[in-house]
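These notes concern the structure reproduced below.
Starting from 1, each residue takes its place in the sequence as its number.
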Amino acid sequence: MKNKIKILLVDDEPDVIEILTYNLSNLGYEIFSANDGIKALKVADKILPNLIIMDVMMPNMDGIEACEELRKKSKFNNTIIMFLSARGEDFSYVSAFDAGADDYVTKPIKPKVLMSKVKSLLRRSKTFEKTDDVLEVGNFKIDRERYSVIKNSKKFSLPRKEFELLFLLVSNNEKVITRHEIMNQVWGSEVLVGDRTIDVHIRKLREKFGSEYFKTIKGVGYKFEFNKKI
């Protein structure tokens, strides 16, 4: 019997949990829930969800902190984290992606639109995992099947979108990738993200691997550039 996709809903509003559970269950997903960040971590450890849909403002531990804690554990590298929040300020949006989120959606949102976004995220995740490419450029070795990155014999654990962005840039060494291409290939045309989302992910890659590898092409996009002298 094929295993069902597991989705963890995290929100302190029972009505939100009820509505999401109803709609997602009808699509055949297995649904779990928690009403704060601390409980979410415990449930996630137990079930290892494919997708987490989480609010930002919650008692005991907010969504941003919970996301950061999840991303510290390699077993959640393949878990998609989507924020669903009433907060639409830029700093909330950036903080979520900085913590390792894959998507950020503001309330209110029509159930059909949200279900479409969920299916899109899960579909792209499944497609990405089917590949078994091992990419080696300079001192980088990226194993797409094992979701591992090795640079100078040091192994790095990256959140899903950081990994996909790194693979896209490195596989196109010295080629400029436009923002539009990055959005379509990493997030998908059905998922709407802003320029700041890409910028946050590029910044995190620079922090981990060195800013010298990731070049900004003003008004166009980014490129990975490996120089043997580095």
query: In Å and rounded to the nearest 0.5 Å, what is the CE to CD1 distance from M183 to I177?
result: 14.0 Å
field: Step-by-step side chain to side chain contact (heavy atoms under 4.5 Å, CB included) determination, K107 to D11
entry: CA-CA 12 Å; K107 301 175 184 176; D11 201 302; 3.0 Å; yes
query: To the nearest 0.5 Å, how far apart are CD1 in I150 and CD in E136?
result: 9.0 Å
statement: Residues C67 and I81: closest non-hydrogen pair is SG-CD1, 3.8 Å
- prompt: Between D62 and R87, is the closest basic N to carboxylate O distance under 4.0 Å?
  reply: no
message: Within the structure provided, determine whether H201 and V186 are in side-chain contact (heavy-atom separation under 4.5 Å).
response: no
query: Got a salt bridge between R160 and D103, using NZ or NE/NH1/NH2 to carboxylate O under 4.0 Å?
result: no
query: Any side-chain heavy-atom pair from F214 and Y222 closer than 4.5 angstrom?
result: no
task: Kindly give the heavy-atom pair with the smallest separation between G63 and F83, and that separation in Å.
output: O-CZ, 3.4 Å
task: If the plane angle is over 60° it's perpendicular, under 30° parallel, otherwise tilted; pick one for F163 and F167.
output: parallel
field: Inter- and intrachain pairs under side-chain hydrogen bond (donor to acceptor under 3.5 Å, both in side chains), touching residues 16-33, at least two apart
entry: none
field: Side-chain heavy-atom pair L48, K6 within 4.5 angstrom cut-off
entry: no
Minimum side-chain heavy-atom gap I80-N50 below 4.5 Å: no
task: Indicate if I202 and I217 have the same hydrophobic cluster label, given that clusters are the connected sets of ILVMFWY residues with side-chain heavy-atom separations under 4.5 angstrom.
output: no
N152 (side chain) donor-acceptor with K154 (main chain) under 3.5 angstrom: no
- request: Kindly write out the residues that satisfy salt bridge (charged side-chain N to carboxylate O under 4.0 Å, His left out) with R203, not counting sequence neighbours, or none if the list is empty.
  value: D98, E207
K141/V134 under side chain to side chain contact (heavy atoms under 4.5 Å, CB included): CA gap, chis, key distance, verdict: CA-CA 7 Å; K141 182 178 180 180; V134 176; 3.8 Å; yes
message: With a 4.0 Å cut-off on N to O distance, would you call E69 and K72 a salt bridge?
response: yes
query: Would a 4.5 Å heavy-atom cut-off, applied to side chains only, mark V10 and D55 as touching?
result: no
task: Before accepting this row, confirm whether a basic side-chain N of the pair D199/R206 lies closer than 4.0 Å to the acidic partner's carboxylate O.
output: no
query: Tell me, do V176 and K223 make a side-chain contact under 4.5 Å, heavy atoms counted?
result: yes
- request: Quick one: list whatever passes salt bridge (charged side-chain N to carboxylate O under 4.0 Å, His left out) with K218, sequence neighbours left out.
  value: none
field: Candidate pair I109 and K117, rule side chain to side chain contact (heavy atoms under 4.5 Å, CB included), full reasoning
entry: CA-CA 11 Å; I109 182 172; K117 290 177 74 66; 4.1 Å; yes
- request: Nearest 0.5 Å please: distance from the CD1 atom of I142 over to the CG atom of L135.
  value: 5.0 Å
Nearest heavy-atom neighbours spanning A44 and P49: O-CD, 3.6 Å
message: I need the minimum non-hydrogen distance between L8 and A34, along with the two atoms involved.
response: CD1-N, 4.2 Å
- prompt: Just how far is it from atom CG of L9 to atom CG of L84, taken to the nearest 0.5 Å?
  reply: 9.5 Å
- prompt: Can you hop from V220 to L169 via hydrophobic side chains spaced under 4.5 Å?
  reply: no
query: Do I53 and I19 belong together in a cluster built from hydrophobic side chains that touch within less than 4.5 Å?
result: no
N184 side chain reached by H180 side chain, heavy atoms, under 4.5 Å: yes
- request: Check ring pair (Phe, Tyr, Trp, His ring centres under 6.0 Å) between F209 and all other residues, then give those that pass, not counting sequence neighbours.
  value: F140, F156
- prompt: Can you name the residues that form a salt bridge (charged side-chain N to carboxylate O under 4.0 Å, His left out) with K151, not counting sequence neighbours?
  reply: none
- line: All heavy atoms of E68 vs all of A99, minimum pair found to be CG-CB, 3.5 Å
- request: Any pair with a residue in residues 38-48 that passes salt bridge (Lys or Arg N to Asp or Glu O under 4.0 Å), sequence neighbours left out, goes on the list, sorted by first then second residue, please.
  value: D45-K73, D45-K75
message: Please report the interatomic distance CG(L20) to CG(L114), rounded to the nearest 0.5 Å.
response: 6.0 Å
field: side chain to side chain contact (heavy atoms under 4.5 Å, CB included) evaluation trace for V56 with I64
entry: CA-CA 6 Å; V56 173; I64 302 296; 4.1 Å; yes
- line: Taken to the nearest 0.5 Å, the spacing of K175 NZ from F224 CZ works out to 15.5 Å
- request: Could you tell me which non-hydrogen atom of G100 sits nearest to which non-hydrogen atom of P159, and how far apart they are?
  value: O-CB, 4.4 Å
- prompt: Do L165 and K204 touch side chain to side chain, with heavy atoms closer than 4.5 Å?
  reply: no
- request: Ignoring hydrogens and angles, state whether a donor on the side chain of R144 or S171 is under 3.5 Å from an acceptor on the partner side chain.
  value: no
